Amino acid sequence: MSDPFDLPFFDEPGGEPAAPKPAARPPERSAGGGIAARAMAARGGQTQAPDYLSGLNPEQRLAVETTEGPVLVLAGAGTGKTRVLTTRIAHILATGRAYPSQILAVTFTNKAAREMKSRIGVLVGEAVEGMPWLGTFHSIGVKLLRRHAELAGLKSSFTILDTDDVIRLIKQLIQAEGLDDKRWPARTFANMIDGWKNKGYGPKDIPEGDARSFANGKGRELFQAYQDRLQTLNACDFGDLLCLPIRMFREHPDVLAEYHRKFKYILVDEYQDTNTAQYMWLRLLAQRPKSRHDTAPQGGANRPSDRSDAPAQASAGRRDAAVSEKEPQQINICCVGDDDQSIYGWRGAEVDNILRFEKDFPGAAVIRLERNYRSTAHILGTASHLIAHNEGRLGKTLFTEHARPDDSKVMVHAAWDSEEEARAVGETIEQLQRPDENNRRHNLNDMAILVRASFQMREFEDRFVTLGLNYRVIGGPRFYERQEIRDAMAYFRVVAQPADDLAFERIVNTPKRGLGETTIRQLHDIARARGVPMLNAAEDIVETEELKPKPRASLRNVVENFRRWQKMLDNTPHTELAEIIFEESGYTDMWKNDRSAEAPGRLENLKELIRSMEEYESLRSFLEHVALVMDAEQNAEQDAVNIMTLHSAKGLEFETVFLPGWEEGLFPHQRSLDEGGRSGLEEERRLAYVGVTRAKRNLHIWFVSNRRIHGLWQSTIPSRFLDELPEAHVEVEESGSSYGGYGGAFAPGRGGNYGGGAGRQNPYGASRFDNVGSGSFSNTYATPGWARAQANKTSATDRNWGTRSGAGVERIGYGETDSLRGAGRGSVKGRTIEGELVAKSVADTPSAFSVGDRVFHQKFGNGNVAAIEGNKLTIDFDKAGQKRVLDGFVTGV
DNA sequence: GCCTTGAGGTTTTTT
DNA sequence: ACCTCAAGGC
């Protein structure tokens with residue numbers, strides 16, 4: 001309880017919170033219509049609370065009603081975060097504190113924005129349509145830029161490039177510099193640029209070291225060249241959508257002041273995911289200058305150009321004036337987030353932003369939501385215990401008031417390999433889907449498989465196809481990233497924005513028109529030399545003799561097509577135009593004539609594309625949408641199991657959740673450990689926490705002993721996170737029998753991948769199952785090294801799992817000691833972590849081997865020990881290269 | 001200019 | 001194991 005990070009305000013969980021500060025000053029607008037009257041009533045007391053407040057618990061209600069001043073809502077998983085946000089907005093609107101257009105509500109993903117919009121719609125009806133400033137950071141950035149494009153050096157018709165465009169563009173630049181694009185991959189540089197922009201850096205701001213590390217030290221020049229190129233293309237990338245508004249606000253305080261006047265309330269969702277640029281963006285908008293002069297209106301010219309926020313009532317103008325003249329506006333920013341769910345550090349998110357909130361906004365109210373409405377006590381207990389291993393938390397503990405005795409514990413299962421894992425999960429799903437004795441059955445929609453890395457999905461998909469089990473992959477290969485869709489979009493882009501050279505280049509020879517590299521290069525050169533778009537260059541060059549007759553005719557045809565389509569743009573329904581373009585360009589024919597297996601699907605996707613265009617009023621607005629929203633709506637019609645990554649699962653919940661692949665190297669992911677060290681590990685742990693907290697009633701965690709990585713079979717060891725699960729809430733599956741027959745998976749030598757029939761040793765040390773069954777596998781225990789290891793065993797010996805044949809997995813017992821990481825390293829201040837479930841991934845005892853030892857491994861052959869970490873050995877094998885294995889797997893030679 | 005073949009790199013997560 | 005890219009033949 002005595003958490004050092006505990007913040008002063010709310011130290012009695014569940015108790016009646018005292019207001020941190022006067023909830024608010026009296027409402028600024030007095031009198032007036034019914035809305036204000038309702039507001040007064042709402043403020044007056046609980047008795048007359050409006051409906052929308054009635055279902056809230058005290059903490060939620062406080063978060064909703066503390067409308068004035070800075071507020072940080074720390075909302076644990078499943079504590080009604082979205083509800084608080086949406087109700088808060090409804091409350092602000094209903095009490096007349098602001099008009100819909102005066103609320104800036106930022107989310108991180110499009111999904112979240114949609115969700116919020118629809119839920120606000122439920123609360124306030126039509127009024128939600130008047131909220132133009134509800135959206136993602138990026139979409140709001142676009143809106144700002146379109147409006148003030150000239151201040152950012154763009155024309156308001158600018159194009160937004162996606163990752164693919166960016167990489168192609170950078171590649172051109174690298175080649176133009178005469179650099180080897182193999183040694184300096186465009187993708188790498190694109191990532192670097194993205195990283196810089198996440199920090200708000202322009203070419204001049206990047207650290208010298210960064211600049212030197214790429215392109216023979218020309219990183220900075222290349223970055224600058226890239227920005228220049230974007231400007232000539234009248235284009236910007238994703239990062240610019242954040243950086244350019246920031247720059248604009250800094251360089252044009254008058255414009256910033258406009259928005260200071262405009263936005264009365266700022267709300268930020270998933271604050272823990274904001275990166276430095278987003279943080280600066282928010283600070284600029286939220287932090288009003290102290291001096292009154294800065295906020296004072298500077299004349300009509302600076303008024304926001306859209307007047308949608310100018311209420312019709314005469315009182316409105318008065319109110320506006322009153323606010324800005326009487327007192328400097330205070331900062332009404334409300335950030336909602338959960339430090340324990342910060343999982344985007346790898347792309348620049350700064351958990352620190354949320355940890356620092358109170359310093360940034362002095363006097364901020366901090367409200368914790370810890371009452372969980374989603375999961376069983378077992379699941380919450382598991383999640384809390386797991387996340388308690390992290391340092392640097394603000395500290396929250398979820399609780400539920402709805403523990404039921406018959407809730408099932410969190411299940412941990414083992415499988416031989418990933419195929420087995422998929423098969424077993426499939427069987428479990430089928431079992432759940434079958435009607436039970438009460439004739440109730442689980443919907444597939446209520447189940448989800450959450451994987452660490454997308455390559456894990458394939459195995460499940462394969463299995464489900466075989467079983468005929470419906471599934472849907474969420475966030476997988478994105479609709480708008482498919483080749484045919486991108487081609488189609490490129491056609492549209494050239495039609496709508498004739499200067500879009502990247503799009504032009506993409507499709508000028510798709511389908512094949514005999515316009516190869518040579519022709520393109522010529523076009524390029526002319527366009528560059530004359531400073532005109534390539535389409536114009538093409539238009540001119542076909543009138544000359546410079547091209548050979550064939551390409552010349554072909555190119556003329558292309559140009560004529562585009563000119564014709566451009567003329568049709570304004571007087572032809574855009575879906576119709578799209579079909580015409582596909583037909584006349586020969587694009588549909590191209591796929592019709594394609595004999596490959598994917599071709600029909602691609603044609604189908606093109607139809608789907610046209611269908612999805614119907615919702616938009618014009619081709620332009622459609623393009624705008626697509627640039628920002630790379631995912632297409634999924635049809636939730638059909639009952640299907642959900643498969644997705646842990647990252648894309650954030651914010652969702654399911655009755656039953658499967659978490660496969662809890663193995664060292666995969667989860668926690670090796671790369672996170674390598675690149676992020678301790679904080680990388682903590683982020684992985686938060687990811688595990690996110691995964692666990694997605695489950696409402698049932699949670700199944702899996703790990704396998706063998707996994708194919710980069711096409712090679714690797715033996716794996718259970719994730720350390722398994723060590724960190726609390727015994728009290730977790731049950732290890734005893735045997736395969738309960739799910740009928742996959743227990744045989746543990747038979748030695750199965751699958752032929754494993755060096756003949758010698759079988760597999762128990763990687764977790766000896767267990768009482770080691771002597772069960774026939775003993776061909778046991779010979780390895782006779783080695784001297786093993787004997788020594790045995791002799792050194794401590795109480796930890798008892799906590800081991802067997803994975804022997806037929807037995808599946810069984811928990812044998814628990815050590816009485818604390819977790820090796822909990823108490824041993826004191827990873828959590830002032831908190832004892834007890835009763836952990838143990839699947840040893842790191843031995844308490846030193847390895848029986850030492851660096852340099854010559855060893856033999858059943859599968860990899862002979863090698864030398866290169867490094868030792870606990871019981872994990874890094875071995876340079878003569879044939880197989882360097883591998884990490886458990887010492888139990890090798891024998892001294 | 002286009003297509004086939006072979007080599008080499010690659011796979012965490014995404015607005 | 002898979003995909004992308006370059007080289008070489010047509």
Side-chain angles (χ1 to χ4, degrees), chain A residues 106-113 135-142 160-164 166-168 171 180-183 185-188 190-191 194-195 197-198 237-243 269-270 273-275 277-278 281 342-349 418 450-459 474-478 480-481 483 509-521 547-548 550-551 554 626-631 644-650 661 665-676 680 683-684 686-688 690-691 707-713:
Chain A
V106 214
T107 65
F108 212 70
T109 64
N110 294 298
K111 198 165 68 181
T136 63
F137 279 98
H138 292 85
S139 68
I140 290 170
V142 175
I160 302 159
L161 304 185
D162 64 26
T163 321
D164 219 66
V166 168
I167 289 171
R168 281 187 300 141
K171 191 164 181 181
D180 180 2
D181 63 340
K182 276 236 167 108
R183 184 159 141 72
R187 179 176 290 278
T188 309
N191 286 333
D194 197 50
K197 288 188 176 174
N198 283 161
D237 63 16
F238 262 107
D240 286 340
L241 298 181
L242 297 174
C243 292
D269 190 19
E270 306 281 16
D273 285 337
T274 50
N275 61 37
Q278 286 158 335
W281 193 98
S342 161
I343 54 174
Y344 287 106
W346 53 272
R347 66 174 194 209
S418 47
L450 311 181
V451 298
R452 176 63 183 82
S454 45
F455 76 84
Q456 291 173 264
M457 293 180 182
R458 168 174 297 240
E459 204 95 51
I474 294 180
R478 291 157 177 279
Y480 291 108
E481 281 170 10
Q483 184 192 336
N509 198 31
T510 308
K512 297 271 183 282
R513 301 186 175 99
L515 299 170
E517 211 184 322
T518 2
T519 319
I520 309 290
R521 186 162 303 151
L547 295 175
K548 297 207 177 80
K550 247 191 177 166
S554 182
V626 171
L628 293 169
V629 183
M630 292 303 285
D631 56 342
M644 70 193 89
T645 64
L646 286 161
H647 283 88
S648 44
K650 193 163 74 154
L666 177 59
F667 195 30
H669 200 281
Q670 192 58 46
R671 196 158 149 186
S672 296
L673 302 180
D674 293 345
E675 291 172 9
E683 180 153 316
E684 293 286 300
R686 292 193 290 267
L687 198 49
V690 167
R707 190 173 288 279
R708 195 167 27 189
I709 299 166
H710 307 323
L712 289 174
W713 284 94

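Reminder, nothing fancy here: chain letters follow the sequence lines and each chain counts from 1. In this text, all values refer to a predicted model and were calculated from it rather than measured experimentally. What you see below is based on every heavy atom in this structure, not just the backbone, and it leaves out hydrogens, waters and symmetry mates.
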Among the nucleotides B:dT13, C:dA1, B:dT15, which one has an atom lying closest to any side-chain atom of A:R452? B:dT13
Quick one: CD on A:Q456 to CZ on A:R707, what's the gap to the nearest 0.5 Å? 5.0 Å
Using whole Å, what does the distance between atom C1' of nucleotide B:dT15 and atom CG of A:N198 come to? 9 Å
Could you check how far NZ of A:K171 sits from P of C:dT4, rounded to whole Å? 12 Å
Contacts under 3.5 Å, N or O only, protein and nucleotides 2-11 of chain B:
from  : atom 1 : to     : atom 2 : distance (Å)
B:dC2 : OP1    : A:G514 : N      : 3.0
B:dC2 : OP2    : A:N509 : ND2    : 3.4

Identify, with sequence neighbours excluded, every residue that meets side-chain hydrogen bond (donor to acceptor under 3.5 Å, both in side chains) alongside A:S418. A:E459
What is the distance from CH2 of A:W346 to P of B:dT13, rounded to the nearest Å? 8 Å
Can you name the residues that form a side-chain hydrogen bond (donor to acceptor under 3.5 Å, both in side chains) with A:S342, not counting sequence neighbours? none
Considering heavy-atom distances to DNA chain B, does A:L687 or A:T109 have its closest nucleotide positioned more toward the 5' end? A:L687
How close or far is atom P of B:dT15 from atom CG of A:N110, stated in whole angstroms? 7 Å
Atom-pair distance (CG on A:D194; C1' on B:dT13), nearest Å: 13 Å
Whole-Å gap separating P (B:dT13) and CG (A:N191): 12 Å
Identify whether any heavy atom of A:F137 sits under 4.0 Å from a base atom; if not, whether one sits that close to sugar-phosphate; answer base, sugar-phosphate or nothing. nothing
Taking C-beta and beyond as the side chain, do A:S672 and A:R452 meet within less than 4.5 Å on heavy atoms? yes
For C:dA6 versus B:dT11, give the span between their P atoms, rounded off to a whole number of Å. 16 Å
Return the set of residues passing side-chain hydrogen bond (donor to acceptor under 3.5 Å, both in side chains) with A:S454 (not counting sequence neighbours), or none when no residue passes. none
From the set B:dT13, C:dC2, B:dT15, return the single nucleotide nearest to any side-chain atom of A:R458. C:dC2
Can a salt bridge be assigned to the pair A:K650 and A:D273 using a cut-off of 4.0 Å between side-chain N and carboxylate O? yes
Of the nucleotides B:dT15, C:dA1, B:dT14, which has the atom closest to the A:R708 side chain? C:dA1
So A:T519, base contact, sugar-phosphate only, or nothing? Heavy-atom distance under 4.0 Å. sugar-phosphate
Nearest listed nucleotide, side chain of A:S454, among B:dT14, B:dT15, B:dT13: B:dT13
Contacts of A:F137 that satisfy ring-ring contact (aromatic ring centres under 6.0 Å, His included) - sequence neighbours left out: A:W281
5'-most contact on DNA chain B: A:I520 or A:T163, nearest heavy atom basis? A:I520
Taking ring-ring contact (aromatic ring centres under 6.0 Å, His included) as the definition, give me every residue that meets it alongside A:H669, ordered by chain and number, with sequence neighbours left out. none
Can you tell me how far C1' of B:dT14 sits from CG of A:D164, to the nearest Å? 15 Å
Is the base of B:dT15 stacked against the aromatic ring of A:F238, taking ring centres under 5.5 Å apart and planes under 30° as the test? yes
According to a cutoff of under 5.5 Å between the ring centres and under 30° between the ring planes, does A:F108 stack with the base of B:dT15? no
Using atom C1' of each nucleotide, how far apart are B:dT13 and C:dT4 to the nearest Å? 22 Å
Starting from P on B:dT15, measure out to CG on A:D162 and report it in whole angstrom. 12 Å
